[in-house]
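Keep in mind that this is a model prediction, so the values were computed, not measured. Starting from 1, each residue takes its place in the sequence as its number.
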Amino acid sequence: MLHKTLTFLLLLSISLTSCAKPKQQTGLLWKISGNNLEKPSYLYGTHHLVPLSFLDSIDGLDEAFMATEQTIGELDMNNMGEMQMQLMMASLMPDGESYDNLLNEEDYKLLDETLKEYVGAGLNQFGQMKPAMLNTLLTVMMYKKLYPSDEEGLSMDEHFQKEARDRYRQTQGLETVQDQIDVLFGSQPIQRQAESLLCTIKNMDYGKKQMDRLMTAYYAQDLTAMAKLYEEEDPNNPCPSTEEEKDELNKKRNEKWMDILPEMMSKKPSFIAVGCLHLVGDDGLINRLQKEGYKVEVVK
């Protein structure tokens, strides 16, 4: 479960920055051509916990996938056991740190009760986990409660990589598990993580509204709505991130990915599947690829 919660946090940690009004864009599947590519590659925006049956509604998806020779994701999920072990070790509290020290008695009780309600156990079981990990778990469980599904199993990201391996195709990651650990657990001090966790718990209604907006936009394949959700400065946001925190989650990661994606695509036509919010906005992959001289067009 930890690999899903990690990628889900990175998807749902929506940065709110002020940018130019985005152009109207719809579609989750994009064709990348030109710029000396011998064959086109394809870019697909995933939602890490949307049921796989949603993929049946994406026109041209099967054809695009079959036209490529390798699959690229945020992570190469070829060794899930090792990944989960790394994540578990990184999620543990530093020596000498505890929620008794981080929280007052009232907030400690609130966190304990919320964990029991949404996750099924309180701080007696989860008290060794860093606040960022508990924030992730609560976000996922809130999602599952709001959007129950009969479908269980692989995420979209795992699905595409499994399909590639089943066809003896290479899978690659744009970053390592350690890279994502650094973003999730290393970009904020423990006290700041605790503040964010308590703010999430105390403002769940706002979080639910944000989830609803993202889900509605995703099912409509409305990238413009996603970009607004990502970019707009919301004066009502009770738990705003700092500019540095926003950049760590999305902008800087996209920049690093763009350092290696051109070479990957030049070697083999690639199916690139990453969280949908990495596609949108001025800092998104669609805009960045276009600025690099690629023709990026939605598949209809």
Item checked: Residues Leu102, Met93; criterion side-chain contact (heavy atoms from CB on, under 4.5 Å); working and verdict -> CA-CA 11 Å; Leu102 289 170; Met93 282 279 211; 3.6 Å; yes
Would the distance check show the side chain of [X] and the main-chain N or O of [Y] forming a donor-acceptor pair, the cut-off being under 3.5 Å?
X: Gln193; Y: Gln188; value: yes
X: Asp222; Y: Ala217; value: no
X: Thr68; Y: Phe65; value: yes
X: Asp179; Y: Thr176; value: yes
X: Lys130; Y: Ala90; value: yes
X: Gln161; Y: Thr171; value: no

Notebook entry, point to check: In the single-linkage hydrophobic clustering (I, L, V, M, F, W, Y; side-chain heavy atoms under 4.5 Å), do Ile190 and Leu92 co-cluster?
Noted result: no
Check: Quick one: do Met83 and Met85 end up in the same hydrophobic cluster if we chain Ile, Leu, Val, Met, Phe, Trp and Tyr together by side-chain heavy atoms under 4.5 Å apart?
Finding: no
Within the supplied structure, the quantity of interest is the number of heavy atoms (other residues, nucleotides, ligands) at a distance under 6.0 Å from [X] [atom1]; does it exceed 12?
X: Asn36; atom1: CG; answer: no
X: Glu255; atom1: CD; answer: yes
X: Lys109; atom1: NZ; answer: no

Nearest-0.5 Å distance that lies between atom [atom1] in [X] and atom [atom2] in [Y]:
X: Ile201; Y: Leu111; atom1: CD1; atom2: CG; answer: 4.5 Å
X: Thr139; Y: Met211; atom1: OG1; atom2: CE; answer: 5.5 Å
X: Met265; Y: Phe271; atom1: CE; atom2: CZ; answer: 14.0 Å
X: Ser41; Y: Lys268; atom1: OG; atom2: NZ; answer: 12.0 Å
X: Leu87; Y: Glu82; atom1: CG; atom2: CD; answer: 10.5 Å
X: Glu97; Y: Gln191; atom1: CD; atom2: CD; answer: 7.5 Å

Next item on the list: Return yes if a side-chain donor-acceptor contact under 3.5 Å exists between Gln70 and Ser270, otherwise no.
Entry: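 Distance-only check passes for Gln70 and Ser270.
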Item checked: Tyr44 and Asp157: side chain donor to acceptor below 3.5 Å ->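 Not at all, the side chains of Tyr44 and Asp157 share no donor-acceptor pair under 3.5 Å.
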Looking at side-chain heavy atoms only, is the closest gap between [X] and [Y] below 4.5 Å?
X: Tyr118; Y: Lys144; answer: no
X: Met204; Y: Thr114; answer: yes
X: Val183; Y: Lys252; answer: no
X: Tyr99; Y: Asp107; answer: no
X: Leu55; Y: Phe160; answer: yes
X: Lys251; Y: Lys246; answer: no
X: Leu174; Y: Ile72; answer: yes
X: Val50; Y: Tyr143; answer: yes

Below 4.0 angstrom, N of the basic side chain to O of the carboxylate: do [X] and [Y] qualify?
X: Lys162; Y: Asp166; result: yes
X: Lys267; Y: Glu263; result: yes
X: Arg288; Y: Asp283; result: yes
X: Asp112; Y: Lys116; result: yes
X: Arg253; Y: Glu175; result: yes

Shortest non-hydrogen separation from [X] to [Y] and the atoms involved:
X: Gln290; Y: Val296; result: NE2-O, 3.4 Å
X: Gln86; Y: Ile181; result: O-CD1, 3.7 Å
X: Gly96; Y: Asn101; result: O-ND2, 3.6 Å
X: Pro40; Y: Ser33; result: CB-CB, 4.3 Å
X: Pro238; Y: Cys199; result: O-SG, 3.3 Å
X: Ile286; Y: Gln25; result: CG2-NE2, 4.1 Å

Notebook entry, point to check: For Tyr42, which residues count as a ring pair (Phe, Tyr, Trp, His ring centres under 6.0 Å) partner, sequence neighbours excluded?
Noted result: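 Partners of Tyr42 under the ring pair (Phe, Tyr, Trp, His ring centres under 6.0 Å) test: none.
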Checklist line | Working for side-chain contact (heavy atoms from CB on, under 4.5 Å), residues Leu103 and Leu110 | finding: CA-CA 10 Å; Leu103 306 177; Leu110 176 62; over 6 Å; no
Next item on the list: Please lay out, stage by stage, how Leu214 and Leu229 fare under the test side-chain contact (heavy atoms from CB on, under 4.5 Å).
Entry: CA-CA 7 Å; Leu214 179 57; Leu229 186 61; 3.7 Å; yes
Next item on the list: Check step by step if side-chain contact (heavy atoms from CB on, under 4.5 Å) holds for Leu223 and Trp30.
Entry: CA-CA 12 Å; Leu223 294 192; Trp30 294 73; 3.6 Å; yes
Checklist line | With His47, the ring pair (Phe, Tyr, Trp, His ring centres under 6.0 Å) member among Tyr147, Tyr218, Tyr219 | finding: Tyr218
Margin query: Applying side-chain hydrogen bond (donor to acceptor under 3.5 Å, both in side chains), can you list everything that pairs with Glu106, at least two apart in sequence or on another chain?
Written below: none
